[in-house]
There are 2 protein chains.
Amino acid sequence: MTARSKPKVDDVAKLAGVSTATVSRCLNTPDRVSEETRKKVEVAVEELGYTPNFGGRYLASNSSKTMGAIIPTMENAIFARGIQAFQEVLANSGITLLISTSGYDPEREFEHIQTLISQGAEGLLLIGAARPKKTYEFLERRNIPHVIAWNHRWDRKHIYVGFDNYFAMQELTNTVLRMGHRHIAIIAGPTTYNDRIEDRISGAQAAIEKIDETSLIVKFCPTNYSAIQAGQAFEELMELDHHRPSVIMCSNDVLAVGAIMQAKAMNMNVPDDISITGFDDIEIAEIVAPALTTVHVPHRRMGQAAAQLLLNIRAGKLDQKSIKLGTNVVLRNSLRHKT
Amino acid sequence: MTARSKPKVDDVAKLAGVSTATVSRCLNTPDRVSEETRKKVEVAVEELGYTPNFGGRYLASNSSKTMGAIIPTMENAIFARGIQAFQEVLANSGITLLISTSGYDPEREFEHIQTLISQGAEGLLLIGAARPKKTYEFLERRNIPHVIAWNHRWDRKHIYVGFDNYFAMQELTNTVLRMGHRHIAIIAGPTTYNDRIEDRISGAQAAIEKIDETSLIVKFCPTNYSAIQAGQAFEELMELDHHRPSVIMCSNDVLAVGAIMQAKAMNMNVPDDISITGFDDIEIAEIVAPALTTVHVPHRRMGQAAAQLLLNIRAGKLDQKSIKLGTNVVLRNSLRHKT
DNA sequence: TTATTAAATGTAAGCGGTTACATTTAATTG
DNA sequence: CAATTAAATGTAACCGCTTACATTTAATAA
């Protein structure tokens with residue numbers, strides 16, 4: 001080993017005066033090695049600052065101790081807390097998490113899936129169920145353990161750890177209707193390959209169809225995470241003169257906050273002049289003024305459960321079942337009775 | 001290859017009727033292969049859903065196409081935008097980013113550094129310069145390219161891509177002083193192994209020392225990212241009757257938002273009764289009411305520059321220089337002249 | 001046409017670990 | 001004490017890929 005180059009098992013073995021097999025055993029199955037030699041090896045490892053080469057290890061042992069997650073974006077907090085919890089649980093089992101972002105683009109998601117698998121990911125966390133066939137075919141053909149989070153379905157083809165977006169939004173809409181609102185607008189991100197948004201919109205529609213003399217407009221933003229775009233959508237909605245909505249339901253909290261800001265900019269009072277709701281219950285929902293009525297999603301529990309599930313599969317328990325988590329409507333000041 | 005097991009180069013080679021070397025060349029240096037055979041190989045790859053095994057590849061080529069980043073936490077937005085930009089730039093060069101979180105714990109950071117290096121990370125993004133000697137010794141001994149972000153120093157021992165926390169906070173404090181405030185309190189997270197906070201506090205102190213008859217109290221929270229803890233600190237500060245501060249400067253925006261919320265809960269008006277400032281200018285700074293006076297940090301540019309720098313080093317340009325980015329005070333409604 | 005050179009492809013040796021199996025050493029038992 | 005068994009360690013094959021070098025094939029020049 002030249003100075004500065006990475007030390008290898010052979011270097012450690014030589015320094016400790018043992019064979020490479022013994023070094024390897026010290027690192028992986030220390031109880032199969034005598035106290036004495038283990039000490040010697042530990043000293044040598046310390047001395048050299050040795051870290052096993054992942055490539056060699058993965059190749060030889062066929063275990064990467066690595067999981068992958070592909071989320072749409074890190075820029076807003078929607079996925080952060082869940083992923084953090086996911087990572088914590090994995091870390092407790094000595095598993096490294098590789099994270100990539102797809103930017104809501106299924107093509108990029110597919111590429112990243114392939115990259116992560118190449119990197120040795122033993123399982124994947126994916127967001128939502130909507131993706132091209134070829135992605136699923138790849139997962140199936142390669143028999144890759146994967147958990148779909150942030151949504152839940154009853155089909156047995158995949159494992160879900162999520163919640164019922166349809167039901168949750170229906171509940172929220174029922175609450176809105178109970179407060180006397182009859183003309184509702186939704187500001188939503190694009191639904192292409194986003195089943196969560198799709199479900200939320202359908203949920204709202206389902207609630208409304210049960211009540212007479214109601215109207216629902218859906219206004220789409222170009223993206224899912226831009227408060228400013230939501231503001232523009234809000235502005236356009238306010239220009240309607242027929243069935244002008246008295247409440248704006250946004251498909252997530254970020255959009256809702258954008259709507260609130262725009263309302264303020266237009267000198268409208270929330271909730272006196274217009275009610276606004278969100279979805280997710282991320283941190284800003286509590287912070288914005290007025291505080292946001294929204295749907296609380298148990299992000300941390302979702303992340304933890306997803307991690308546990310993948311760990312179980314990794315441990316050979318292949319019969320894992322989907323987990324459906326509950327959500328609940330959180331009433332705050334951005335929504336009030338129609339006057 | 002049994003059904004369902006991962007296809008290997010040999011499988012592809014066999015199916016395409018070529019040698020493994022040719023397959024490898026098709027994937028890595030397609031221009032060294034004839035049009036015709038490349039087509040054949042591509043078909044075979046597609047047919048089998050082949051993804052090269054990272055372990056083998058890394059081992060043979062000694063290139064992992066991987067960088068690592070260790071950030072304190074993902075749970076708040078302070079690092080999210082910068083890291084996202086960092087990742088985007090890397091992705092454009094075909095480099096995968098591995099992210100880990102240390103939870104502000106230098107011991108965990110050290111472990112994660114080792115893990116990432118084992119995984120083949122060719123360079124690291126680290127946050128701040130404060131960490132135990134042994135961490136630096138490891139980096140040096142193994143000659144690991146690394147960039148320190150979110151802070152900047154003039155020493156030549158490391159490469160920084162960051163900003164001057166001391167100066168930025170000094171500027172903000174000068175602004176506060178210019179508005180007539182003389183009794184100032186700081187709410188800050190722990191400074192152990194957090195040089196950014198340390199610098200910010202010293203910066204404020206430096207500004208104050210130049211002006212007579214001023215006072216500065218520093219109140220520490222147990223953690224860096226809890227709005228609630230900042231609220232408690234705020235409450236305690238308001239109980240002071242000697243030199244009760246007229247402005248609370250928080251060491252980041254999350255804490256500042258916590259302080260604002262607590263003020264509201266105590267029926268105090270911000271900024272009429274008390275001024276509050278933050279640091280970072282993350283999204284909530286604009287959203288909270290009143291909007292937060294804070295220090296704008298160019299997170300995206302910082303992430304991009306750090307990535308570019310690591311890419312340069314990877315390309316053999318070893319003489320990279322630190323980059324100092326500017327910050328600027330953003331005046332919003334949470335700070336006003338002392339009446 | 002044959003000699004020379006370039007392009008395309010193949011052969012096989014590692015890259016740095018792990019682990020089945022062989023061997024040595026120590027402990028236990030009849 | 002020798003025979004048996006268990007524990008500790010060593011030897012060497014192999015994991016999947018890349019690449020230096022060798023070989024074949026095609027193109028060009030003499």
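The sequence lines fix the lettering, A, B, ..., with proteins before strands; numbering per chain opens at 1. Since we're looking at a predicted model, the values are computed, not measured.
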Non-hydrogen atoms of A:Gly68 and A:Ala121 that approach each other most closely
N-CB, 3.8 Å
Within residues 54-64 of chain B, those residues having any heavy atom closer than 4.0 Å to DNA chain D are B:Gly56, B:Arg57, B:Leu59, B:Ala60, B:Ser61
Once you apply a heavy-atom cut-off of 4.0 Å, does A:Thr37 come out as touching a base, just sugar-phosphate, or nothing?
sugar-phosphate
Sole residue of A:Glu107, A:Glu109, A:Glu137 in salt bridge (charged side-chain N to carboxylate O under 4.0 Å, His left out) with A:Arg131
A:Glu109
Name the nucleic acid region contacted by B:Ser24, choosing base, sugar-phosphate or nothing; use a 4.0 angstrom heavy-atom cut-off, strictly under.
base
Give the rounded distance in Å between these two atoms: NZ of A:Lys65 and C1' of C:dT18.
14 Å
Residue from B:Glu36, B:Glu35, B:Glu42 passing salt bridge (charged side-chain N to carboxylate O under 4.0 Å, His left out) with B:Lys39:
B:Glu35
Suppose we call two aromatic rings close when their centres sit under 6.0 Å apart. Are B:His158 and B:Tyr136 close by that rule?
yes
Rounded to whole Å, please give me the gap between CG in B:Asp10 and P in C:dA12.
14 Å
Here the gap from A:Arg142 atom CZ to A:Ile113 atom CD1, rounded to the nearest 0.5 Å, amounts to 11.5 Å
Span of DNA chain D, from the first to the last nucleotide whose atoms fall under 4.0 Å of chain A heavy atoms:
D:dA8 to D:dG16
Measure the shortest side-chain to side-chain distance between A:Leu126 and A:Leu139 over non-hydrogen atoms and say whether it is less than 4.5 angstrom.
yes
Let me know, please, whether B:Val33 or A:Asn28 comes out on the 5' side of the other along DNA chain C by nearest nucleotide.
B:Val33
Distance col, row A:Ile95:CD1 vs A:Leu98:CG, nearest 0.5 angstrom, shows 11.0 Å
Need one value for B:Val23: base, sugar-phosphate or nothing, where a base atom within 4.0 Å counts as base even if backbone is also close, heavy atoms only.
nothing
Looking only at side-chain N and O atoms, does A:Asn53 come under 4.0 Å of OP1 or OP2 in C:dC15?
no
Side chain proximity check, A:Asn28 to A:Arg57, heavy atoms < 4.5 angstrom:
yes
